[in-house]
There are 2 protein chains.
Amino acid sequence: MSTTIRDVAKRLKLSITTVSRALDGYDDVAESTRELVISTAREMRYVPNRAARQLRRQRTETIGYILPAEGTGFTDLFFSEFIAGLSDEATLGHYDLLVAAAPPDSKAEKELYKRWVQGGKVDGIIVNRVRLSDWRLHFLSRQHVPHVSLERSLSHLDFVGVEVDSLSGLLELIAYLVSQGHRRIAYIGGGSDLKIDHDRFAGYQAGLEAAAIGSDPVLVVRSNITSEDGYRAARQLLDLANRPTAIVCINDLTAIGAMHAAHERGLMIGRDVSIAGFDGIADAAHTEPPLTTLEQPVYTVARQLAHMLLAMIAGTPLETKQVRIQPKLLIRSSTGRA
Amino acid sequence: MSTTIRDVAKRLKLSITTVSRALDGYDDVAESTRELVISTAREMRYVPNRAARQLRRQRTETIGYILPAEGTGFTDLFFSEFIAGLSDEATLGHYDLLVAAAPPDSKAEKELYKRWVQGGKVDGIIVNRVRLSDWRLHFLSRQHVPHVSLERSLSHLDFVGVEVDSLSGLLELIAYLVSQGHRRIAYIGGGSDLKIDHDRFAGYQAGLEAAAIGSDPVLVVRSNITSEDGYRAARQLLDLANRPTAIVCINDLTAIGAMHAAHERGLMIGRDVSIAGFDGIADAAHTEPPLTTLEQPVYTVARQLAHMLLAMIAGTPLETKQVRIQPKLLIRSSTGRA
DNA sequence: AGAATTATCCAAAACGTTTTGGATAATTAT
DNA sequence: ATAATTATCCAAAACGTTTTGGATAATTCT
């Protein structure tokens, strides 16, 4: 029912070839013919059928991102800032963004990747929250589909993307806390299979070592990197007889949850206990008190990743295939003296 | 490079037709042949090419949602909960979700709708933040593309979707505030072209009238429905010589911004000034103090809209084309006695 | 004048799937 | 034995675009 190229051709008594070539700017079409075709196509409200174009050109003009969590992950500010960046850059590059959510290593996750990649639904994929050994990256390489990732996987050598120097960020944060007199510093992490946990925990440990502070296993608690679980983990830490004076969290969301736990205890954050996070999400500035955090520009990083992916899809040589960024320590009121 | 149906046919020395019919469960294929085809296809890792399938079947198995704001809108909890619902329901229905963001009535918005609809990129579209006169709904109807919306437009009779009884919600909220002794109640709204502003403002006014309270124009301030602009609008209200004792906001985000403005003034929210919002986003429970709000189950509503849309696309008769929900007043600590 | 080249148009193939309208052998009914 | 029916397979068309490999008339060169 929509106007097709055949309709335009019929109206002008030209061939489909001529109409196609006129619209696509080929040089073997007379200028007068080209102008006639263009104005008639516009008048008939012709828009190319994307399935047909995709089938013929072997190109979807779509990139995909599968959020590695339940659907509720869309409300996680880290993920939503990330999607904002992907969407803006995709639109700028005249590409569309397909999104879905599926818990890591779930059947749903595997099905989606297979359908989107092997079924030719997207031209490329962005991966984040990379695992130390990530089946997704192996699969994407094996399928020869353009992909970029935020963080590299240890088992995957073919890395194109952005990585954050979490180790040095955490070193800096721990050093700062130690300079404030803290010696009993806790860590709320994520799943141990995650690259960010590996790096951030390593930074936490290195920071303690640098300050000649022994690490105490009871001060390390795992979470599923949600506000709720940060809250639970913090309660566990605050229940200790010899509780920590500072809590370093794997990200801002868990830190915000930890803050709720401290508020609930009637503790004054920044005085009775210091709390810090990572990511620098917008909410972190608006918590009570504002959260000390290691900021990485999530939105900008996402745009950069999308930009790199579009270049890969277009076959344009990337100026740089691997970008390493330095998180910036933002000291706010949620951390104070021990 | 991917396996095609032709490859499977060649391997088995069958026709493409037989392979297609075997995979699709037609009854004119011998059972032994069918099983052979299925196992061979699996072994050869055959996945149907979606462009070809889409072209032939005239179906994309994709629904679209264009967030009516700048890309930063993805971090707005109302929109992100909405997308979470759309994504979960789409995945359940074996559909994919295409997303983008574009400011209302912008050239980008028009381009995206045209490309996605006339170009056949999606089978249906979900619209929210409906305007009193909404070009999007007219366009979608004219194009005969399945669509649903959260709220109806006044100028559009062909409504399928969900609407929220904002009028009665606001009536209840105003009545509650009046019962707490408030008589100088302000309203922070949105653009006057928005249906939700029209309804919520009407409820605000009706509530004041019901309490025999005259309306004072200086107590009504417009915003662009962001936390930042709620903050700006609240400052304007709090600067008044005879400032309001209660501020009712068009949504939770503007209320959260208003709360920041009050905190900044050293005002105790719930005592010195009462603040209320609308939506019931997850953050509202975690503000300091927790926000009084008119809750609508955004995630659930989004799933319902997606469910209705998928039924429309499938040609399945909808049990009910128009759903009306009642927001629920959640009284929390951000509102107190005047 | 005739050969070579160029400008400008077009038919058909291609992309990969599904559907249509068969062909043919086997089976059943008369 | 022959006609009618059924089971099971297949070639080609279709979807709508782009590309390939032309055809033909006009122009330029010798």
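These figures come from a predicted structure and were not determined experimentally. Order of the sequence lines fixes the chain letters, A, B, ..., with proteins taken first and strands second; residue numbering starts at 1 for each chain.
The nucleotide whose nearest atom lies closest to any side-chain atom of Thr18(A) is, among dT19(C), dT17(C), dC9(C), dC9(C). With dT18(C), dC9(D), dC15(C) as the candidates, the nucleotide lying closest to the side chain of Gln58(A) is dC15(C). Ranking dG16(C), dC9(C), dT18(C) by closeness to the Leu14(A) side chain, first place goes to dC9(C). Among the nucleotides dT18(D), dG16(C), dT18(C), the one closest to any side-chain atom of Ala52(B) is dG16(C). For Leu55(B), the side-chain atoms get nearest to dG16(C) when compared with the rest of dT17(C), dG16(C), dC9(D). Closest to the side chain of Arg21(A), out of dT19(D), dT18(C), dT18(D), is dT19(D).
Close to dT19(D), at under 4.0 Å from its OP1 or OP2, lies a side-chain N or O of Tyr26(A). One finds a side-chain N or O of Thr33(A) lying less than 4.0 angstrom from the OP1 or OP2 phosphate oxygen of dC9(C). At dC9(D), none of the side-chain N or O atoms of Ser15(B) fall inside 4.0 Å of OP1 or OP2 (strictly under the cut-off). At dT18(D), one or more side-chain N or O atoms of Arg53(A) fall inside 4.0 Å of OP1 or OP2 (strictly under the cut-off).
To the nearest 0.5 Å, the span separating CG on Leu55(B) from CZ on Arg53(A) amounts to 13.5 Å. The distance from the CE atom of Met44(A) to the OG1 atom of Thr4(A) is 8.0 Å, given to the nearest 0.5 Å.
For Ile16(B) and dG22(C), the CD1 to C1' distance is 17 Å, given to the nearest whole Å. Rounded to whole Å, the distance from CE on Met44(B) to C1' on dG16(C) is 14 Å. One interatomic measurement links the two molecules: NZ of Lys121(A) to C1' of dT17(C), which rounds to 14 Å at whole-angstrom precision. The interatomic distance linking Arg6(B) (CZ) with dT17(C) (C1') rounds to 10 Å, in whole Å. With rounding to whole Å, Arg59(A) atom CZ is found 14 Å from dG16(C) atom P. In this structure, Lys13(A) places its NZ atom 14 Å from P of dA11(C), rounding to the nearest Å. Put simply, CD1 on Ile5(B) is 12 Å from P on dC10(D), counting in whole angstrom units. Rounding to whole angstrom units, CD of residue Gln54(B) and C1' of dC15(D) are separated by 11 Å.
With hydrogens and angles disregarded, a donor-acceptor distance shorter than 3.5 Å links the side chain of Asp123(A) to the backbone of Glu61(A). Distance alone, capped at 3.5 Å, is enough to place a donor-acceptor pair between the Thr62(B) side chain and the Thr60(B) backbone.
For Met308(B) against Gly161(B), the heavy-atom pair with the smallest separation is CE-O, 3.8 Å.
Across the strands present, dA23(D) finds its partner in dT8(C); the criterion is a Watson-Crick or G-U wobble pair with both atom distances under 3.5 angstrom.
Between Tyr65(B) and Phe79(B), the angle of the ring planes lies from 30° to 60°, which puts this pair in the tilted group.
Side-chain to base pairing of Arg56(B) with dT17(C): no donor and acceptor N or O lie closer than 3.5 Å to each other.
Between Arg57(A) and Asp28(A), the residue whose closest nucleotide on DNA chain D is further toward the 5' end is Arg57(A). Each of Ser32(A) and Ser20(B) has a nearest nucleotide on DNA chain C; the 5'-most of these lies closest to Ser32(A).
Among the atoms of the strands shown, only primed sugar atoms or phosphate atoms (P, OP1, OP2) are found under 4.0 Å from some heavy atom of Asn49(A). At a threshold of 4.0 angstrom between heavy atoms, the contacts of Thr4(A) are confined to the sugar-phosphate backbone, with no base atom among them.
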